[in-house]
Amino acid sequence: MEELREALGNFAFEGEFVSVKEFGSGHINKTYIAKYKKDDSEQKYVVQKVNNGVFKNVDELMDNVFAVTSYLRNVIRENGGDENRETLHFIKTNDGKKYYKCADGSFYRAYIFVKDSVSFDFAENADMFKSSGIAFGRFQRMLGDFDADSLYETIENFHNTKWRYENEFLPALEMDVMDRAKTCREEIEFIKARKDKMGVLVDLIDEKKLPLRVTHNDTKLNNVMFDKKTLECVCVIDLDTVMPGLALYDFGDAIRFGANTALDDEKDLSKVGVNLEYFRAFAEGFLGECGETLNQCEKDHLAFSAWLLTLELVMRFLTDYLNGDVYFKTHYSEHNLVRARNQMKLALSMEEHMNEMEEIIKAICSKQER
Ligand code: ADP
Ligand code: GN1
Ligand code: MG
């Protein structure tokens, strides 16, 4: 708390300090909402302690998010949108820096709380999920001409599932530092049995069949803010992993989180499965915004990408469980195992419904091509 106070005092916030409290359900950064008062009106700011274990180079991270948000602001303004509400607005420190480094070495950054907005961990209906598809599809389209080479890779090999298998999962299993492998044999075998499919997308990149684009790479439903009243999407947030990637990563990751019939840490696996109505709704929203820019190979792998990203998360959660919960925020000792089991059930459900998922995509694409 002491370092949080120190950080607050070093940002150029307007008004008198009122309160600060922890907020949000992200797995990576520590997020606070700070309230200030100016001439009887309330100003809300989001203040985040950056997870420096995950994002090793905070200068590069902040250069990326500042570059992306200032680019988006121009695009939004040119299209007649509200640039203050439709993209993140970072606040610099009193001495003009993009983040503040506390005496204890921790890193803080701050931005304006998106006014009258709310985020959701679970879509209440298909329309709401479709709206997030529109937001992420538009995000992708708006960044279509952004110079990908100017971005740093904030986390290398982020969605390189094959690389993660060989360089993170297998070594974690080999070390088994917590002696936990014996508690998740079935999950380990599930992952190993699918290892040959993990390289499909990265191999297509190497073969120049899938183009690298500037993508978000972390398209969870709770990384988009909705208008409190209209429940329309206002703003895509959590821009830390915006870097060169595949449109398929954004599509697949959004589906594996939002088209699950349960939350991604639901323990009762009978509740977990792919919701095809939600799948269709997101695909309509996403492809309605950026479908025309995708090539045939991308279109052909949309349904597959949902499955692959789900498999990737089975593996990432299980790797973290084996490593002793060092990456994702957890609330109890088996939390990562529960998440891995949940995503495994979801992947199995997608395997069962893959034909239907493919058909849904084909129908949307052919309607668009007409
Ligand atoms: P993490 O990397 O930990 O997921 P996020 O940047 O996604 O961190 O922030 C965590 C949560 O904080 C979000 O899911 C959202 O609810 C809330 N949040 C983040 N930024 C804003 C903002 N600018 N305005 C309102 N709420 C925000
Ligand atoms: C993390 O930061 P958050 O909670 O939006 C993670 C994603 C995972 C997700 C799993 C930088 O997302 O990659 O898919 O948890 N972000 C990072 O719920 O690793
Ligand atoms: Mg987040």
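Counting starts at 1 for both ligands and their atoms, in listed order. Predicted model only: the values in this text are computed from it and were never measured.
The existence of a salt bridge linking K220 and D253 is excluded, since no basic side-chain nitrogen approaches an acidic carboxylate oxygen closer than 4.0 Å. A salt bridge does not link K362 with D300: none of the charged nitrogens is closer than 4.0 Å to a carboxylate oxygen.
At least one heavy atom of Q48 sits less than 4.0 Å from an atom of ligand 1. Distances shorter than 4.0 angstrom do not occur between any heavy atom of F257 and any atom of ligand 2.
The closest side-chain heavy-atom distance from D264 to F317 is below 4.5 Å. Looking at heavy atoms from C-beta onward, Y99 lies out of side-chain contact with T93 at the 4.5 angstrom threshold. Between K197 and W307 there is a side-chain heavy-atom pair separated by less than 4.5 Å.
Distance from atom 1 (C) of ligand 2 to its nearest protein heavy atom, with residue and atom name: I28 CG1, 3.8 Å. Of all protein heavy atoms, the one closest to atom 16 (O) of ligand 1 is S119 OG, 2.7 Å. At the shortest separation from atom 17 (C) of ligand 2 among protein heavy atoms lies Y327 OH, 3.4 Å. Of the protein's heavy atoms, M225 CE, 3.4 Å lies nearest to atom 26 (N) of ligand 1. Here the protein heavy atom with the shortest distance to atom 3 (O) of ligand 1 is N29 N, 2.9 Å. Scanning all protein heavy atoms for the shortest distance to atom 12 (O) of ligand 2 gives D218 OD2, 3.1 Å.
On a distance-only criterion, D240 and ligand 1 share no N/O pair closer than 3.5 Å. Polar contact with ligand 1: present for N222 (N/O pair, distance under 3.5 Å). Note: no N/O pair closer than 3.5 Å links G24 and ligand 1 by distance alone. Ligand 2 has an N or O atom lying under 3.5 Å from an N or O atom of N223, backbone or side chain. Taking distance alone, with nitrogen or oxygen atoms compared against 3.5 Å, D238 approaches ligand 1 more closely than that limit. Ligand 2 has no N or O atom lying under 3.5 Å from any N or O atom of S25, backbone or side chain. Taking any N or O of N222, backbone or side chain, none lies under 3.5 Å from an N or O belonging to ligand 2. For ligand 2, the polar-atom distance check against R316 finds a nitrogen or oxygen pair separated by under 3.5 Å.
A cation-pi arrangement is present between K267 and Y332, with the terminal nitrogen or guanidinium carbon under 6.0 Å from the aromatic centre and inside a 45° cone about the axis. A cation-pi arrangement is present between R194 and F190 under the rule of less than 6.0 angstrom and at most 45 degrees off the ring axis.
Checked by atom type, the side-chain pair D238/N222 shows no donor-acceptor distance below 3.5 Å. Under the 3.5 Å distance criterion, with hydrogens and angles disregarded, no donor-acceptor pair is assigned to the side chains of H216 and Q140. Side chains of S41 and D39: a donor-acceptor N/O pair is absent below 3.5 angstrom, by distance only. Side-chain contact, N29 with N51: no donor N or O sits under 3.5 Å from an acceptor N or O. A donor-acceptor contact under 3.5 angstrom links the side chains of E3 and Y108, judged on distance only.
Using the six-membered ring where Trp is involved, H301 and F304 have ring planes that are perpendicular, over 60° apart on the 30 and 60° scheme.
Residues L170 and M175 are members of separate hydrophobic clusters, defined by side-chain heavy-atom contacts under 4.5 angstrom among Ile, Leu, Val, Met, Phe, Trp and Tyr. Side-chain heavy atoms closer than 4.5 Å link hydrophobic residues (I, L, V, M, F, W, Y) into clusters, and following such links, possibly through other members, connects F13 to V20.
The part of I237 lying near ligand 1 is the side chain, judged by heavy-atom distances below 4.0 Å. Within the 4.0 Å heavy-atom criterion, the part of T31 lying near ligand 1 is the side chain and not the backbone. Contacts with ligand 1 closer than 4.0 Å are made by side-chain heavy atoms of V46 only, the backbone lying farther away. When non-hydrogen atoms are compared, ligand 1 lies under 4.0 Å from the backbone of I112 (N, CA, C, O) but not from its side chain. The side chain of L88, and not its backbone, has at least one atom closer than 4.0 Å to an atom of ligand 1 (non-hydrogen atoms only; side chain from C-beta on). Of the heavy atoms in R256, only side-chain atoms (C-beta onward) come closer than 4.0 Å to ligand 2. Heavy atoms of N29 found under 4.0 angstrom from ligand 2: none, in either backbone or side chain. Of all the heavy atoms of F113, the ones lying under 4.0 Å from any atom of ligand 1 are found in both the backbone and the side chain. Contacts between K220 and ligand 2, counted as non-hydrogen atom pairs separated by less than 4.0 Å, involve the side chain only. Heavy atoms of D264 found under 4.0 angstrom from ligand 2 belong exclusively to the side chain. Counting heavy atoms under 4.0 Å from ligand 2, residue F317 touches it through the side chain alone. Residue-level proximity to ligand 1 for K30 is absent, since no heavy atom of it falls below 4.0 angstrom.
Near D238, meaning under 4.0 Å from one of its heavy atoms, ligand 2 places the atoms 2 (O), 3 (P), 5 (O). Contact atoms of ligand 1 toward N223: 7 (O) (distance under 4.0 Å to a heavy atom of the residue). Those atoms of ligand 2 that come under 4.0 Å of a heavy atom in G26, given as number and element, are 4 (O).
The two atoms that bring F286 and A247 nearest to each other are CZ-O, 4.0 Å, heavy atoms only.
Taking a 6.0 Å sphere around CD of E207, one finds it holds more than 12 heavy atoms contributed by other residues, nucleotides or ligands.
Between the Mg ion (ligand 3) and D218 there is no N/O/S contact shorter than 2.8 Å.
Angle OD2 (D238) to the Mg ion (ligand 3) to OD1 (N223): 90°, rounded to 10°.
A side-chain donor-acceptor contact under 3.5 Å links N295 to the backbone of C297.
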